[in-house]
Each structure stands twice: as structure tokens, then as C-alpha cells.
Amino acid sequence: MKSNNFKDTVSAVVAGIPKGKVATYGQVAALAGNPGASRAVGMIMSKNKDTKAVPCHRVVGSTGALTGYAYGNGTTTKKQMLQKEGVVFKGEKVDLKESKWEPK
DNA sequence: AGATTGACCGTGT
DNA sequence: GACACGGCCAATC
């Protein structure tokens with residue numbers, strides 16, 4: 001069974017991000033089979049309604065900067081959730097050298 | 001069906 | 001290191 005829709009594929013990739021780790025939009029896009037579709041990934045996340053199935057809060061910018069979040073207080077809630085999961089933060093950004101997800 | 005938007009990324013200054 | 005510009009992809013109006 002393979003997801004024919006880009007949205008579904010991206011959702012599967014995001015859902016595969018281990019707890020305490022974060023992936024960048026470009027990373028997810030590449031894993032979804034479309035390197036460069038980082039913008040599309042972000043849009044899908046914004047329209048994503050299954051936050052419990054797709055932890056979109058584990059997806060951050062390429063520099064580790066927390067981008068928008070359609071729930072809670074936006075990036076504020078997002079940061080709290082990530083930090084609670086064990087993600088290391090560097091000010092208002094995620095410490096990618098410590099908490100960036102490395103897909104195998 | 002066409003045009004615009006959007007939670008981006010890379011490069012240049 | 002910070003700011004500005006352009007390019008890529010998919011979803012939405």
C-alpha cells in the first residue's frame with residue numbers, strides 16, 4: 001500500500017519522526033519523494049487536521065527555527081511541546097546538532 | 001481552469 | 001551573522 005497523495009506520504013513521514021527529535025521541512029519533503037517541495041509540506045501541515053496522528057510540531061525550519069503552528073499559541077506552544085519531548089533548544093531555535101532527526 | 005497563497009530553502013550582499 | 005531576492009511544489013480560492 002503506497003500513498004498516492006503527496007499529503008498522505010508526508011503525513012506518514014512526519015508520523016515516523018521519533019520522539020525527542022525534529023526534522024526540517026526539506027528533510028520531510030525529500031523523504032516524501034519530492035526534494036524541494038518544502039513549501040508544499042508546510043502548507044499540508046497548516047491544513048493538517050490530524051495532529052495526534054501527525055506530530056507537525058516536530059517539523060521545524062532548516063535552521064532549527066520554529067515556524068508557524070496552527071494550534072495553541074503558535075510557535076510558543078510548539079516549543080513547549082518539543083522541549084517537553086526532550087528536544088534541546090537553543091534560545092528560540094532547536095539545537096539541530098543535538099536534536100535533528102537522522103533518517104536511516 | 002487559472003491565479004494566488006503559504007508553517008520553505010538556497011544564495012547573494 | 002542578518003537582510004533581501006528568487007525559485008520550487010502543492011493546496012486553496
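Below, read A as the first sequence line, B as the second, and so on, with proteins coming before strands; counting in each chain starts at 1.
Atom CZ of A:F6 is separated from atom C1' of C:dA10 by 7 Å (rounded to the nearest Å). Distance CD1 (A:I44) to P (C:dA10): 9 Å, rounded to an integer number of Å.
Using a 4.5 Å cut-off on side-chain heavy atoms (C-beta onward), A:L66 and A:L82 make contact.
Between atom OG of residue A:S11 and atom CE of residue A:M45 there is a gap of 5.0 Å, rounded to the nearest 0.5 Å. Taken from OG in A:S99 to NZ in A:K90, the straight-line distance is 11.0 Å, to the nearest 0.5 Å.
Within a 6.0 Å radius of NZ in A:K97, other residues, nucleotides and ligands contribute more than 12 heavy atoms. In this structure, A:E92 places its CD atom where only 12 or fewer heavy-atom neighbours from other residues, nucleotides or ligands lie under 6.0 Å away.
Heavy-atom distances under 4.0 Å link DNA chain B to A:Y25, A:G26, A:S38, A:R39, A:A40, A:G42, A:M43 of residues 21-43 of chain A, given in residue order.
Using a 4.0 Å heavy-atom distance criterion, A:S62 is classed as a sugar-phosphate-only contact.
Interface limits on DNA chain B: the 5'-most and 3'-most nucleotides within less than 4.0 Å of chain A heavy atoms are B:dT5 to B:dG10.
In summary, of the residues considered (A:K21, A:K19, A:R58), a salt bridge (Lys or Arg N to Asp or Glu O under 4.0 Å) with A:E85 occurs for A:R58 alone.
A:Y69 is linked by a ring-ring contact (aromatic ring centres under 6.0 Å, His included) to A:Y71, counting only residues two or more places apart in sequence or in another chain.
One N or O on the side chain of A:N48 and one on the backbone of A:D50 form a donor-acceptor pair closer than 3.5 Å.
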